[in-house]
Amino acid sequence: MSQTLIVSGSPHAKSDLTVRSIMWGVVIALLPVFAVSAYVFGVRAIIAVLVTSAACVVTEYIVQRFFLKQKPTVDDGSAVVTGMLLAFNVSVAVPLWQLVVGSIVAIAVAKMAFGGIGTNPFNPALIGRAFMTVSFPVHMNTWVVPRESLLSLGVDRATGATPLGYIADAAARGEPLSTVAAELPGYSQMFLGTIGGSMGEISALAVLIGGAYMLYRKLISWETPVVFLGTLAAGTGIFWIIDPTAYADPLFHVLAGGAMLGAWFMATDMTTSPMSRNGKIVFAAGCGLITAVIRLFGGFPEGVTYAILLMNAFVPLIDNKFRPRRFGKGVAS
Amino acid sequence: MAVVKTFPMGGVHPPENKFTADSAIQILDPPDEVAILLGQHIGAPAEAVVQKGDTVKVGTLIGEGKAFISANVHSSVSGTVKRVDEALDAAGFRKPAVVISVEGDEWEERIDRSPELVTEINTPAEEIVQRIKAAGIVGMGGAAFPTNVKYMVPEGKQVDTLVINGVECEPYLTADHRLMLEHTDEVLIGVEVLRRALQVERAVIGIELNKSDAIEIMSKHAERFPHIEVYGLKVQYPQGAEKQLIKAILDREVPGGKLPLDVGCVVNNVGTALAAYHEIQKNRPLIDRVVTVTGSSLSKRGNFQVRIGTPFSHAIEAAGGMPGDVAKVIAGGPMMGKAVPDLNVSVTKGTSGILLLNKREAQREETVACIRCSKCVSACPIGLEPYLLEKLARMEYWEQSDEHDVLDCIECGSCSYICPSNRPLLDYIKLGKVKVHEMRRASAG
């Protein structure tokens, strides 16, 4: 009976949940999106995802090991998530060196400069994308025609546009939507993903499969994507009801551009979204609303990136204002 | 079946590991020596009324609880008082205790040891409360709060319901489960005794749905008791926490800093009801209890009826002996139990289980950065923000901890259990509670 016993505070049980299981779970959830981008854009999409993932992991390793003198934690998978999401948020036409630059900005500036995992106020992949949009406008706005030159390794010059791009052009010219109707893909194409756009945003179906997996694993809560997309649909829907010749319908807005990818994979990012359920709902509603405003009235055809980044900035305020209801308070007993 | 009752916010579902659910209660013979702590309960310790050399029987009063919140202590064995001294409590502190060498097994004459069920209750309410105090009955669910105090309802408070806790939501533990199966009628008569003591019309019993056999037999036998209702509750930890149980069954919320009395109820454990039966119907004070002795590598784990004061080592011996890989021994369940520093600590009135964890199970993983996953917030059954309370405690911001209701924490451990970053959330929250109490006392005095 001379065994030494461990004494520590309760609880003495721990769930299987770890940061690693969460992050690699998100990677698994991104695989259907990855598969569709490879199917639609070919070998280059695969290379792009591998390059951004590797660049993010290497950047994080170098910063932790040599700048911050920490034990590197790249095996937690969070840098891989950032890398994959960065690739999925840009066009396949972007040259590899630009992807590497975007990855370095995403990890070194948006994540590690703030203290690393858990401390970054803004979504790293979206900061990387925003940086690339202003730095490399030509390639970031070059869209490749789906299901063509699948084996090409070079950057395609030729091109189509995204559905949101077509309607933004029509709006800029002051023409009704009917003038570009022939260019717009059908809903089933938009749902399945055989359309132009960023690598990971084209297929609503692939995003939904990944989203369902994350719900099943309890990696996200349903409120965020549902409220985000619902608010976007409501905001764009009002204008569509007022003038359907000038404005696209809400289903189009939900399926087009980065709304699905953003609502399911970016606005649900744990670190950069609020902690309470009500806070998450407010955050998601803000994302949907700002996306609608940018798409309808802004200079860019797409607004998901900036909507989420703007709402990221509000997270500390939302956390402060929208706390969980304390048991026994706020009820008549 | 209607909607399954449960508490509305938070909670987790740890693996149940109820290995001993089918093991009938075995009677454990007294050890050679018992160390009976005089402070086994919340409140002032009892004062010893025996001296070295005195002869005692099973049921002899050895400690008297003189303060308002205190409890009597009885000898659980017959023999000679070896010393009135100190012994280790579950937390490893030396506390006043009576150590008795066991000789034979002689009981006080007034105790009715026959197996016959005494159905008829002839004791008036006030006398029941007095005798509960005399018998040293305390909350058997683990908290060990003196039961009689709960039944002395202050002026101006209205109580309408007695809530009986048969939830046993702690993983591994099956003591209450076996009590309900094997002593169904005694428990129900005990509930009836308590209901009369409280002078209310309604008694409700909550049992988690993972004990469907207990729900079935308790419901069936309860048909003969018109004032008693049995409810099956969802398997969700901490369903058996007092506030969550009241909310689940009666849909009443006890605010932070308040008691069940403030929402018109009193909560007691099924084990406490059985103890009340024993005293009121059989003149048998609280001298033993059922303890689940369990663990993944224990060879003869089971549920044992153990005399109070029995060292853990004796109970573990009876359950197959200490396995070589044990790294942690817990008094109680894995979620709220205490890790004991020594196998010589003794079983008290609040010891519901002795749980042996091996190295792998006892290991705490390395703490990594909080990723703001918000799992702790959604797991907290009180609606607190554990991640924030941890941060505030680390920075020693006690006023802010107070503002963020750290004192409302019921220490269920759901936050630490769920945290993917293995953060010691509850450790810091407990520290915060202590510091906030100190701060409040300092400013009040």
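The chains referred to below are lettered A, B, ... by the order of the sequence lines, with proteins before strands, and numbering in each begins at 1. Please read these numbers as outputs of a predicted model, since none were measured by experiment.
- When the candidates B/S416, B/A91, B/G92, B/C412 are compared by the number of heavy-atom contacts under 4.5 Å with chain A, B/S416 comes out ahead.
- For B/I330, the part sitting under 4.5 Å from any heavy atom of chain A is the side chain, from C-beta outward, and nothing else.
- Using a 4.5 Å cut-off between heavy atoms, B/C370 touches chain A through its backbone atoms (N, CA, C, O) alone.
- Closest heavy-atom contact between A/V7 and B/V340: CG2-O, 3.8 Å.
- At a 4.5 Å heavy-atom cutoff, the contact between A/R326 and chain B is made by backbone and side-chain atoms alike.
- With salt bridges taken as basic N to acidic carboxylate O contacts below 4.0 Å, none links A/K14 and B/E361.
- Annotation: A/F314, atom CZ; neighbour count of heavy atoms from other residues, nucleotides and ligands within 6.0 Å does not exceed 12.
- Heavy atoms from other residues, nucleotides or ligands lying under 6.0 Å from CZ of B/F19 number more than 12.
- For chain A, the nearby part of B/K430 is the side chain; its heavy atoms alone come within less than 4.5 Å.
- When all heavy atoms of A/S276 and B/V377 are compared, the pair lying nearest together is CA-CG1, 4.5 Å.
- A distance of 9.0 Å separates CD in B/E365 from OG1 in A/T18, rounded to the nearest 0.5 Å.
- Annotation: A/R65, atom CZ; neighbour count of heavy atoms from other residues, nucleotides and ligands within 6.0 Å does not exceed 12.
- Nearest heavy-atom pair across A/L5 and B/D342 is CD1-N, 4.0 Å.
- Partner of B/R372 under the side chain to side chain donor-acceptor pair (under 3.5 Å) criterion, chosen from A/T272, A/T119, A/D319, A/N120: A/D319.
- In this structure, the separation between CG on A/L17 and OG on B/S421 is 9.0 Å, given to the nearest 0.5 Å.
- Neither the backbone nor the side chain of B/F7 comes within contact range of chain A; no heavy atoms are under 4.5 Å apart.
- Only the side chain of A/K280 comes within contact range of chain B, with heavy atoms under 4.5 Å apart.
- Contacts between B/M335 and chain A at a heavy-atom distance below 4.5 Å involve backbone atoms as well as side-chain atoms.
- When heavy atoms are compared at a cutoff of 4.5 Å, B/E366 approaches chain A solely by way of its side chain, counted from C-beta outward.
- B/K338 places no side-chain N or O within 3.5 Å of a backbone atom of A/S10 that could act as its donor or acceptor partner.
- Ranked by heavy-atom pairs under 4.5 Å with chain A, the first of B/G337, B/C415, B/C380 is B/G337.
- At least one side-chain heavy atom of A/H12 sits under 4.5 Å from a side-chain heavy atom of B/K328.
- Looking at B/N422, both its backbone and its side chain come within 4.5 Å of chain A, counting heavy atoms on both sides.
- Taking non-hydrogen atoms and a 4.5 Å limit, the residue list of residues 20-32 of chain A in contact with chain B, ordered by number, reads A/I22, A/M23.
- Between A/G328 and B/E253, the shortest heavy-atom contact is N-OE1, 2.5 Å.
- For B/I382, the parts lying under 4.5 angstrom from a heavy atom of chain A are both the backbone and the side chain.
- If you measure heavy-atom distances from B/S378 to chain A, you find no contacts under 4.5 Å at all.
- Residue B/P424: no heavy atom, backbone or side chain, is found under 4.5 Å from chain A.
- Between chain B and the residues A/P11, A/S8, A/S78, the most heavy-atom pairs under 4.5 angstrom are made by A/P11.
- Contacts between B/H404 and chain A at a heavy-atom distance below 4.5 Å involve backbone atoms as well as side-chain atoms.
- Other residues, nucleotides and ligands place no more than 12 heavy atoms under 6.0 Å from the CG atom of B/D32.
- Looking at B/L388, only its side chain comes within 4.5 Å of chain A, counting heavy atoms on both sides.
- Residue B/K18 qualifies as enclosed at atom NZ: its count of foreign heavy atoms under 6.0 Å is above 12.
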